[in-house]
Asker: 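Please find one structure pasted underneath; my questions will follow.
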Amino acid sequence: MTAETAPPAWMHEQITAAEYDSWSEEQCAGIEIVDGMVVVSPSASKRHNRLARILANALDDAAGPEWNADTDFDVRLQDVPLTNRRPDVVVYRADTLDLTPTRPEHVLLVVEVVSPGSETTDRVVKVDQYAKAGIAFYWRVEQAATGVPLVYTYILDPATRSYRTGDMFTGVIKTTAPFQTEIDLGTL
């Protein structure tokens, strides 16, 4: 392995919240921190990113003034060992817009759009991590071969800090006229 292809040292060492917080946005893009170790995620497909953005827009429209829905930022699940996840969509309290890091108590819902290579993490690992962090709702969106998304919902049981399975929805998410989003997922 040449010097140009050798991974940086921080990829093999546990990092702290203070170290991570000193990194630039560019350094933090495309990574998550799990138990203090950097996990590099491959870039998502355009279809994946589009679905996440359409969901975020629809949820933001439905959320009202007290909640925001966004994509592409960290949720700090725990400080020691540091665990930052970057859900595909996060619905969080509007009054925490300028607080960093975003913490579980600021978050109502996280959504993960499953991609090839993230199935186990999104179906098993993240479900447990988000529940233990106390996030009230988790949605897992599967992209079926037919193009119709399947949305699996989970609701937190605060007493056990585990999710119970909610409803499963199928439907169409589409945009209409410029800058308007329509989401048709049953009773969602």
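Starting from 1, each residue takes its place in the sequence as its number. Just so it is clear, the structure is predicted and the values come from calculations on it, not from any experiment.
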Asker: Name all pairs fulfilling the salt bridge (charged side-chain N to carboxylate O under 4.0 Å, His left out) condition that reach into residues 104-120, sequence neighbours left out, sorted by first residue then second.
Answerer: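 The answer is Glu112-Lys126.
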Asker: Holding to side-chain contact (heavy atoms from CB on, under 4.5 Å), I want the full list of residues that pass it with Ser24, two or more places apart in sequence or in another chain.
Answerer: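 Here the qualifying residues are Glu26, Gln27.
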Asker: Listed by chain and number, what are the side-chain contact (heavy atoms from CB on, under 4.5 Å) partners of Ser45, not counting sequence neighbours?
Answerer: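 Checked Ser45 against side-chain contact (heavy atoms from CB on, under 4.5 Å); matches are Arg47, His48.
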Asker: Using the test side chain to side chain donor-acceptor pair (under 3.5 Å), find all partners of Arg103 that sit at least two apart in sequence or belong to another chain.
Answerer: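 Counting only residues at least two positions away or on another chain, Arg103 forms a side chain to side chain donor-acceptor pair (under 3.5 Å) with Asp79.
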Asker: Under the ring pair (Phe, Tyr, Trp, His ring centres under 6.0 Å) rule, collect the residues that match up with Phe137, sequence neighbours excluded.
Answerer: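 Residues passing ring pair (Phe, Tyr, Trp, His ring centres under 6.0 Å) with Phe137: none at all.
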Asker: For the pair Arg76 and Asp21, find out whether any cationic side-chain nitrogen is under 4.0 Å from an anionic carboxylate oxygen.
Answerer: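 Yes, charged N to carboxylate O under 4.0 Å.
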Asker: Show every ring pair (Phe, Tyr, Trp, His ring centres under 6.0 Å) that has at least one partner inside residues 59-97, sequence neighbours left out.
Answerer: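 For residues 59-97: Phe73-Tyr92.
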Asker: Could you work out, with side chain to side chain donor-acceptor pair (under 3.5 Å) as the rule, every residue matching Asp60, not counting sequence neighbours?
Answerer: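 Asp60: no side chain to side chain donor-acceptor pair (under 3.5 Å) contacts found.
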Asker: Once ring pair (Phe, Tyr, Trp, His ring centres under 6.0 Å) is applied, do any residues pair with Tyr163, and if so which ones, sequence neighbours excluded?
Answerer: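 By the ring pair (Phe, Tyr, Trp, His ring centres under 6.0 Å) rule, Tyr163 matches no residue at all.
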Asker: Check side-chain contact (heavy atoms from CB on, under 4.5 Å) between Leu99 and all other residues, then give those that pass, not counting sequence neighbours.
Answerer: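 If we apply the side-chain contact (heavy atoms from CB on, under 4.5 Å) test to Leu99, skipping adjacent residues, the hits are Thr96, His106.
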Asker: Applying side chain to side chain donor-acceptor pair (under 3.5 Å), name anything that partners Thr102, two or more places apart in sequence or on another chain.
Answerer: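 For Thr102 there are no side chain to side chain donor-acceptor pair (under 3.5 Å) partners, ignoring immediate neighbours.
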Asker: List for me each residue that meets side chain to side chain donor-acceptor pair (under 3.5 Å) alongside Tyr152, sequence neighbours excluded, and say none if there are none.
Answerer: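 Scan of Tyr152 (side chain to side chain donor-acceptor pair (under 3.5 Å), adjacent residues dropped) gives none.
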Asker: Provide the full list of salt bridge (charged side-chain N to carboxylate O under 4.0 Å, His left out) pairs with a residue in residues 144-163, sequence neighbours left out, each pair given once.
Answerer: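 Sorted pair list comes back empty.
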